[in-house]
Amino acid sequence: MLAESQLSRRDVINGLAAGAVVLVAGRLAPTQVFAQAAAAAGTALNAWVAIAPDGIVTLQCAHSEMGQGIMTTFAAIIADELEADWSKCEVVFSPVAPAYRHPVYNWQFTGNAESIRSYHALIRKMGAAAREMLIAAAADRMRVPPSDLAAREGSVRHPGSGRTLGYGELAAAAAGKPVPAEPRVKPESEWRLVGGGRSLPRRDIPAKVEGSAIFGIDVKVPGMVYAAIASAPTLGGKIANVDRASVAGTAGVLAVVPLDYAVAVVAEHYWQARLALEKLKVTWQPGPGGSFDDANLAAMYAAAFASDAGWATAEAHGDAPVTLSSAQRVIEAEYRSPWLSHAPMEPMNATVSVTSDGVTVWAPTQGMQMTQIVLAKVLNVAPEKITVHRTFLGGGFGRRLLADFVAQAALCSKAAGRPVKLIWSREEDIGRDWYRPAFLDHARAALGPDGLPAAIHHRLVAPSILAPVSPVPVEPGTVDGLAVESLVEHPYKIANRRTDYHMLQVPIPTMVLRTTGHGPNNFALESLIDELAHAAGQDPYQYRRRLLAENAAALAVVDRAAALAGWGKAEAGRVHGMAFADCFGSYLCQVAELSVIDGAIKLHKMVSVCDPGRVLDRVNATSLIEGGVVWGLSAALYSAVTFANGHVRERNFDGFRVVTLPDTPELVTDFLQNRPAIGGLGEVGPVCVPAALANAVFAATGRRVRSLPLAREGVFTIYGKTFS
Amino acid sequence: MFARGCHVGVGRLCLTLPVAAIVAMVSGAAAQDAKDPRSVALAAYDRIATVLQSPRCINCHPRGDRPTQADDRHVHGMNVQRGADNTGVAAMRCSTCHQAHNNDLAGVPGAPHWHLAPRSMGWAGLSKGEQCRVLLDPRNNGGRGVPELVAHMTGDALVLWAWSPGRGRMPPPLSIEEMKIALEQWAAAGAPCPE
Amino acid sequence: MAKFTFTLNGAPATVDIDPSTPLLWVLRDHLGLTGTKFGCGAAQCGACTVHVDGEAVRSCVYTIDSVEGAAVTTIEGLSKDGLHRLQKAWIEHQVPQCGYCQPGFIMAAAALIAQQPKPSDADIEASITNICRCGTYARIKQAIRSAVMP
């Protein structure tokens, strides 16, 4: 999301200004910060650490746990600095409160692979500050200077005398000690819980295999009833009429709730609500796009591309157009990525209780602050009257940054006068998503005499993906910073480069999806680089090496991936395809190994090498990259939504296909730690998969596929062919 | 008369039937020389074949290990496999999803003893004549003679499901009564097969 | 409405309910067992997998009228004494990410190894057709393999 230069600036802000401000805020207004932290038993030393008399430490996780392991690693970072006994640490999801906001954006959310990289410096300081306050309290009790004391595994010890005081005994006194302005964070050599190849068993996993983990859909609240919902058959369509009499007397029905573009039924039990919704007679008026379809959309993209208006320049170095106009050799290609749904395994749902005293939400949300703000607006209630409890998320992939489904649940609760759990069907989930829009990148490259690109000019047409999740407006005609990611500011040394962007207006709700702009744009850029290498008669791996020659960390990633894959030494009948990315503050290189059998591809192996600066938990990091590979395979091979009659055709997993177990190749994953700053992981794993795969398909067949998903272009896996 | 077999709510689908073609075929068959039992039987078999080759029958009579599904006869989702006993593999039995009755809200069809026909009764892709000979061969059909075959095709609960296939699925092009008449005509003349 | 009686995780259970109600919602909404998940409502993803008389069943499409007199086992009742060996393997291999689909996978895998104590990779690929959007399939395969090792 942010450029390298911005990252370093942000790191400075993180480590100093914002950290200090939050630290002070945490001390000065503890009631405000802890008003909602019901689970934080004991004495609070700051917004992140509370310690009970029995020594149990409660650590606040600002982020939502959606499978990225954040509640373990985030808490372990604090615990490590705190020198806490990990076995006595409990982790809770923090309230929605200023102390837990993103240190730069001043906005509390979970996404963009930000949870570690943007909070790391801050929470280390918080852990260290609490540790120093505990040591100061122990120094008082033992009547020794603090410098004579050492904190370790939940106790402060005086090595000279062997005396030891547990954190539980010290917490109350420690809370009264002054907050150190610049607490000493531990050097990496002293880390005991994170980094150094270590891994902690994830805190959430036992409950998740026992079936006791509470996701949003599992919330139970006294007096709770259920709602089912159906939205208009065309996107943006609205209710014309609801015939309430059509469900009069239907078992369990408590309320019919018209919601402008959807209608909900509230009933004692969920299935009663579903049955009533089937019976309910509703007439609809069409949306602003009417009965648009794929052909209309294709025409809109083509018209936008042909138009001189609506363009903004996202990046310009040197003069790409001039270089291209005088170039001897120009390679030109168009790359397309499809419309995608998020389709996390847990369909959208939320439980809300609206009373005259206030609003309580239990939701699987990535957008905690968004939820609070949206509900305040929809219900006309002050934000501080809205308490948001977070549950586990059954996947998110960005979709849960929005609060549309929470607002619907709130309106149902208001109408029914009871706490309501609203559950979307899968058909609603895929059919009424905020979609990752199709991307159309027209790229032109000039090859210099050395075969390397002297200029690249991208012209990208895509609707905004940032607009609905941005706290500030994103205007048409400007650059959506997320939509152009990977086309701009990539580390390839190319003297003349330019990216122009046209923010297309479409009658379809659009937003970010895991991989944000990097996903579609990396497919375009890395397919193009592969094409240029072949056009220059050069090996694609060596070609990338030349373009990265001045970037040692990036080179190391590409070299390690090539070595692990055995680049150039594939066994007979097998080929390799490579792609590289600089995304979310991390480098990634992936190499796909496949063969072609009976006209279908057999994916044998996917090698991933990632440099996220620091790997804090090796097993979890591997899990994120490898799961990301599989997620990327779905996007590369099968997944797409298409439009007919103003709506999405695909409504469940029979149409919106995703990869299953038989298509999972051998996964080989390694990490390097050369980047100076800590980077993201949660979004990274899928990024290079489509291009690596398409490049391998070219190596195997000579066919260049420039449009995703591959299956729609007739490229099937052996397993995929069985249902093609 | 062909609309009779259509499930309520699928009238639009029924319109997509090649009604005119079927009417021509059936009336053509009726015009056959009544004195030539073999011609009558072969004409009857032509009508029977429209049923046996309809998605309702052919989907679960694959020649390989993967059934097909729905009116467009796409390969069955969820990687469904035949298994050793034609009822799926461990943890993916037919009964993992199919009950003894349709579930129209979920769109999952069901009938008693839902299963695949054995591989020996694989019909997908066969011509009318080939299918007829496979059908009649006791080595393929579980040792059934013609009367047992007719009884199976007119009385088995799973076969009869084809005429109440649930929301979103077309029934076979003949009604069950027409199918019974055609089978009787065919059987009466010794169940001849077309070339 | 009609009354249905069955065995749930070894104990008797009775519900008075619309016969079209899927077993999934009976378990989650009426009997309070939320370990079984709703993923697709169309038997496509397997998040709702439970056992009925020992066979894997996708409970989101399995209406309660088919459960009369049967023995139903959910993730909560998979093991009577501590964790099932698959659950232990799942923890050992740190399989789940978001975890939402995992009870369904574990129930499907439990049905598989109950019937085929030594499944081959091909058996696992044919039998485990559930969907995991986090992409944990590789670790699921490892966990099943390790759970059936002597």
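Throughout, a chain's letter reflects where its sequence line sits, starting with A, and its residues are numbered from 1.
Here the side chains of C/Cys45 and A/Arg426 are not in contact, with every heavy-atom distance at 4.5 Å or above. Considering only heavy atoms from C-beta on, C/Phe38 comes within 4.5 Å of A/Pro347 through its side chain. For the pair A/Thr660/C/Thr129, no side-chain contact is recorded, criterion being any heavy-atom separation below 4.5 Å from C-beta on. With a 4.5 Å cut-off on side-chain heavy atoms, A/Pro344 and C/Tyr100 do not count as touching.
When the candidates A/Glu666, A/His269, A/Met66 are compared by the number of heavy-atom contacts under 4.5 Å with chain C, A/His269 comes out ahead. When C/Pro96, C/Pro103, C/Gly35 are compared by the number of non-hydrogen pairs under 4.5 Å with chain A, C/Pro96 comes out ahead. Options C/Lys141, C/Glu92, C/Lys37, C/Glu76 differ in how many heavy-atom pairs under 4.5 Å they form with chain A, and the most are formed by C/Lys37. Each of C/Arg139, C/Glu125, C/Arg133 has some count of heavy-atom pairs under 4.5 Å with chain A, and the biggest count is that of C/Arg133. With respect to chain C, the highest number of heavy-atom pairs below 4.5 Å among A/Ser634, A/Ala213, A/Pro201 belongs to A/Pro201. No other option in A/Val630, A/Leu667, A/Asn652, A/Thr664 has as many heavy-atom pairs under 4.5 Å with chain C as A/Asn652. Comparing A/Lys220, A/Arg274, A/Arg514, A/Glu626 by how many heavy-atom pairs each has under 4.5 Å with chain C, the most go to A/Lys220. Of the listed residues (C/Met1, C/Gln87, C/His30, C/Gln102), the one with the most heavy-atom contacts under 4.5 Å to chain A is C/His30.
Contact annotation for C/Ile91: both backbone and side-chain heavy atoms come within less than 4.5 Å of a heavy atom of chain A. Only the side chain of C/Ile140 comes within contact range of chain A, judged by heavy atoms closer than 4.5 Å. Both the backbone and the side chain of A/Val659 come within less than 4.5 Å of a heavy atom of chain C. Contacts of A/Ala343 with chain C are made by both backbone and side-chain atoms, with heavy-atom separations under 4.5 Å. Heavy atoms closer than 4.5 Å to chain A are found in both the backbone and the side chain of C/Ser20. Only the backbone of C/Asn130 has a heavy atom closer than 4.5 Å to any heavy atom of chain A. When heavy atoms are compared at a cutoff of 4.5 Å, A/Asp204 approaches chain C solely by way of its side chain, counted from C-beta outward. Looking at A/Val619, both its backbone and its side chain come within 4.5 Å of chain C, counting heavy atoms on both sides. In this structure, chain C has a heavy atom under 4.5 Å from the side chain of A/Ile423, while its backbone stays farther away. Interface remark: A/Thr622 contributes backbone and side-chain atoms alike to the contact with chain C (heavy atom separation under 4.5 Å). In this structure, chain C has heavy atoms under 4.5 Å from both the backbone and the side chain of A/Met345. Interface remark: A/Gln68 contributes no atoms to any contact with chain C (heavy atom separation under 4.5 Å). For A/Leu275, the part lying under 4.5 angstrom from a heavy atom of chain C is the side chain only.
Of the N and O atoms on the side chains of C/Gln94 and A/Ser623, not one donor lies less than 3.5 Å from an acceptor on the other residue.
The backbone N or O of A/Phe653 lies less than 3.5 Å from a partner atom in the side chain of C/Gln44, making a donor-acceptor pair. With A/Lys208 contributing its side chain and C/Val95 its backbone, the two residues share no donor-acceptor pair below 3.5 Å.
Going from atom CG of C/Asp18 over to atom CH2 of A/Trp271 covers 9.5 Å, rounded to the nearest 0.5 Å. From A/Ile217, atom CD1 reaches atom OG1 of C/Thr34 across 9.5 Å, with rounding to the nearest 0.5 Å. Here the SG atom belonging to C/Cys101 is positioned 11.5 Å from the CD atom belonging to A/Glu346, to the nearest 0.5 angstrom. Remark: A/Glu210 CD to C/His84 NE2 distance equals 14.0 Å, nearest 0.5 Å. Atoms CG and CD1, on A/Leu661 and C/Ile131 in that order, are 12.0 Å from each other to the nearest 0.5 Å. Atom-to-atom distance recorded for C/Cys40:SG and A/Glu427:CD is 8.0 Å, nearest 0.5 angstrom.
Across all non-hydrogen atoms, the minimal contact from C/Ile75 to A/Val209 is CD1-O, 3.6 Å.
Sparse packing is recorded around CE of C/Met149, with 12 or fewer heavy atoms of other residues, nucleotides or ligands lying under 6.0 Å away. More than 12 heavy atoms of other residues, nucleotides or ligands lie within 6.0 Å of NZ in C/Lys118, so this atom counts as buried by the packing criterion.
Annotation: cation-pi pair C/Arg28/A/Tyr270 absent, no NZ/CZ under 6.0 Å from the ring centroid and within 45° of its normal.
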